[in-house]
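Comments concern the structure below.
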Amino acid sequence: MKKRCAWLLTLIFLVTLSVSGMAYATGEDEETRETEETVSSGETEDTETMETTQESGQENDGQEPEQEPEKALQEILDKSSLEADEVIADGIYIGEVAVGGMTAGEALEAVLSRIEGLGEKTLTLMLDGAEGVEPIQVPVSELGLRAESLADVVMEAVSLGKDGNLIARYKAEKDLQVSNQVYEYKMSVDKNLVNRFVTEKTGALGVEPEDAQITRTGGKFSISESKTGVKVDIPATVSAIMAEMEEWKKEDTSVTAVAEIIQPECTTEMLAQIQDDLGHFSASTNDRSSGKLQNLDRGVELTNGILIMPGESWSMHDALAPFSAANGYTQQIAYQSGGYVKEYGGGICQLATTLYNAALRAEVEISKRSNHSMVVYYTDFGLDATINDGGSKDLELTNSFDFPIYIEGYHDGDGRVTYTIWGKETRPSNREVSYYGVTLSKQSVPEQIIEDPTKPVGYEHVEQSSSYPAVVAEAYKEIKIDGVTVEKIKLHTDKYIASPRKIIRGTAVPVDPNTGWPIDPATGLPINPATGQPEAPQPETPAPQPETPTEPTPQPETPAPTDPAPQPEPTPQPAA
């Protein structure tokens, strides 16, 4: 009897397993069909959502929008044979939330509340190797934290012990009595929100590189420390955050931003190579007027402390311009069209000649250079350089070395300018270079007298005090090894135009205002046009004038006769 009962129990158990398996299979098929319908419905809504997103102009990276869990759950319940008030069996968990005794809606709300609490957890974005840069923290809720297919998980929990045949339901109930059933759900974040976070916030993580700076004071160089920069790789950092959140442990977490190290263009090590005097040159001027010295001071100020990195070119014109009073220049003599003019920055070409000769001795590549229109006397003919206001004539240096070079300028305040080019000496110590000019022809020109009819005879003004010859000259570079010349290199041929000494003389002759005769400058007397001799002008004899009848001069009237005055009687005379 016992054996028969045992056999019967075994048969029932096997049948139960078989039917249970069929039930599970049937339930899986139904679930599959329901899922397919749900997915099909979801695809339609997703498509509409994507179109709406695209119409609104927002970025869409291909991540499918997640349907709201409440709406998704209601759609599943509408298609399910279970009632909405059906409660979940005891011992069932969704993640960490015990949902036994809850309806599907209550379970969903409880899990969403849990997820909301998880949203307060922080993600910290760090940047390795960035000194002084604080990490950035963000609540994961701001990254669009969500549970994927949560409605499906809730329905699966509700359906446990209620779907399938009697034996399957019975087995599910018995299993729950032995151990809890935990349904896990997958957490994720919104990639678009993650991308926005990284794009907007990582500017604070980035570090701009800092170039080293070099200065020379008191005959010594001082070099600051360079710093590397860091630039965050936004797409790679977004991918790193998405990967971290796929395996998220529902705790505070951190991600290291993906970044590239940016080296500064000028490092401390590069500048540390600048130690040697590669070449220097000095030139003086005889014009020590305050205006000329001011121009030299200003020009040296603008061209001192110039750093030229390997492969870079530097324009002296661009460093000195604009030539104006606002830029600190005065009007001084400058060459133009075979003569003198006064221009702001006049005389500044002395700096170009001085630096040109220093660059020759340093064997720096001279990519642009022009000679003066007329000769200058503070260097050999053929070894001068000039610049002009428009920039068509310029002195440009190009650093073709693999180390930086530094230009130091100095004006002694009395017309003597010195330029030194510093760098790294790589030339053999027994090698020597020198430069000189060779005059092929030189033709002087006579003094030029310019007559000025607006000035009186005797007026004289020296317009140009110096005479400049017409010159053709060549410049040479000579290389010696152990004092022996091994090579002579012709650099160029220059032509200089002639310009004579110029004197302005007045030609206007003064005129005597009384006679209208020209005045002899030797005697100061008018020159008689009839004789051509100077003579004092004679007073003119007045021409005879016709008589003019005149009225008789009125005479005074004769008074009327009056009685004579009584006369005394004669004295009687004695008789003869």
Side-chain angles (χ1 to χ4, degrees), residues 39 42-73 95 108-109 111-153 184-209 228-262:
V39 170
E43 286 178 351
T44 302
E45 297 207 11
D46 288 350
T47 302
E48 292 174 356
T49 304
M50 291 171 66
E51 289 175 355
T52 303
T53 302
Q54 291 170 354
E55 288 175 2
S56 66
Q58 297 178 357
E59 180 182 355
N60 191 311
D61 62 358
Q63 186 179 13
E64 294 184 2
E66 182 76 14
Q67 188 180 23
E68 293 183 3
E70 294 88 352
K71 184 177 181 181
L73 179 62
L108 178 64
E109 183 177 350
V111 176
L112 288 176
S113 177
R114 166 62 177 166
I115 294 172
E116 183 178 358
L118 292 175
E120 297 178 2
K121 301 294 183 180
T122 59
L123 180 141
T124 302
L125 187 61
M126 302 180 299
L127 187 62
D128 287 345
E131 299 179 0
V133 178
E134 295 295 328
I136 298 174
Q137 291 187 329
V138 60
V140 293
S141 60
E142 293 186 13
L143 302 180
L145 181 67
R146 65 193 178 193
E148 296 183 7
S149 304
L150 185 57
D152 293 331
V153 176
E184 295 291 351
Y185 52 89
K186 183 180 180 181
M187 302 291 293
S188 66
V189 290
D190 188 324
K191 189 174 183 179
N192 288 330
L193 293 179
V194 172
N195 186 77
R196 181 186 301 173
F197 160 70
V198 175
T199 302
E200 293 178 354
K201 300 298 184 180
T202 55
L205 292 179
V207 178
E208 291 295 326
T228 57
V230 181
K231 182 178 180 181
V232 175
D233 185 332
I234 292 177
T237 301
V238 169
S239 297
I241 292 176
M242 296 299 293
E244 172 66 20
M245 295 307 295
E246 285 182 2
E247 304 296 330
W248 188 41
K249 306 301 182 185
K250 301 177 183 177
E251 297 292 339
D252 293 338
T253 187
S254 62
V255 175
T256 299
V258 181
E260 67 171 308
I261 303 299
I262 305 174

Work out which heavy atom in [X] is nearest to a heavy atom in [Y]; give both atom names and the distance.
X: A259; Y: V230; value: CB-CG1, 3.5 Å
X: S254; Y: E244; value: O-CD, 4.4 Å
X: K121; Y: K250; value: CE-O, 3.8 Å
X: A151; Y: P69; value: CB-O, 3.8 Å
X: A147; Y: Y185; value: CB-CD1, 3.5 Å
X: L123; Y: M245; value: CD1-SD, 4.0 Å

Extract all donor-acceptor atom pairs below 3.5 Å that involve side chains of residues 135-145 and protein atoms in other chains or at least two apart in sequence.
from: Q137; atom 1: NE2; to: T124; atom 2: OG1; distance (Å): 3.2
from: S141; atom 1: OG; to: G119; atom 2: O; distance (Å): 3.4

Is atom [atom1] of [X] surrounded by more than 12 heavy atoms (other residues, nucleotides or ligands) closer than 6.0 Å?
X: E208; atom1: CD; answer: no
X: E116; atom1: CD; answer: no
X: E109; atom1: CD; answer: no

Show me the side-chain donor-acceptor pairs of residues 199-206 shorter than 3.5 Å, one per line, residues at least two apart or across chains.
from: T199; atom 1: OG1; to: N195; atom 2: O; distance (Å): 2.7
from: T202; atom 1: OG1; to: V198; atom 2: O; distance (Å): 2.5

Starting at [atom1] of [X], measure out to [atom2] of [Y] and round the result to the nearest 0.5 Å.
X: E120; Y: D252; atom1: CD; atom2: CG; answer: 10.5 Å
X: L125; Y: F197; atom1: CG; atom2: CZ; answer: 5.0 Å
X: K186; Y: R146; atom1: NZ; atom2: CZ; answer: 10.5 Å
X: E246; Y: I241; atom1: CD; atom2: CD1; answer: 12.5 Å

Check: D233 main-chain N/O paired with T237 side-chain donor or acceptor under 3.5 Å: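 It does hold such a pair.
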
Derivation and outcome, side-chain contact (heavy atoms from CB on, under 4.5 Å), residues I115 and L150: CA-CA 11 Å; I115 294 172; L150 185 57; 4.1 Å; yes

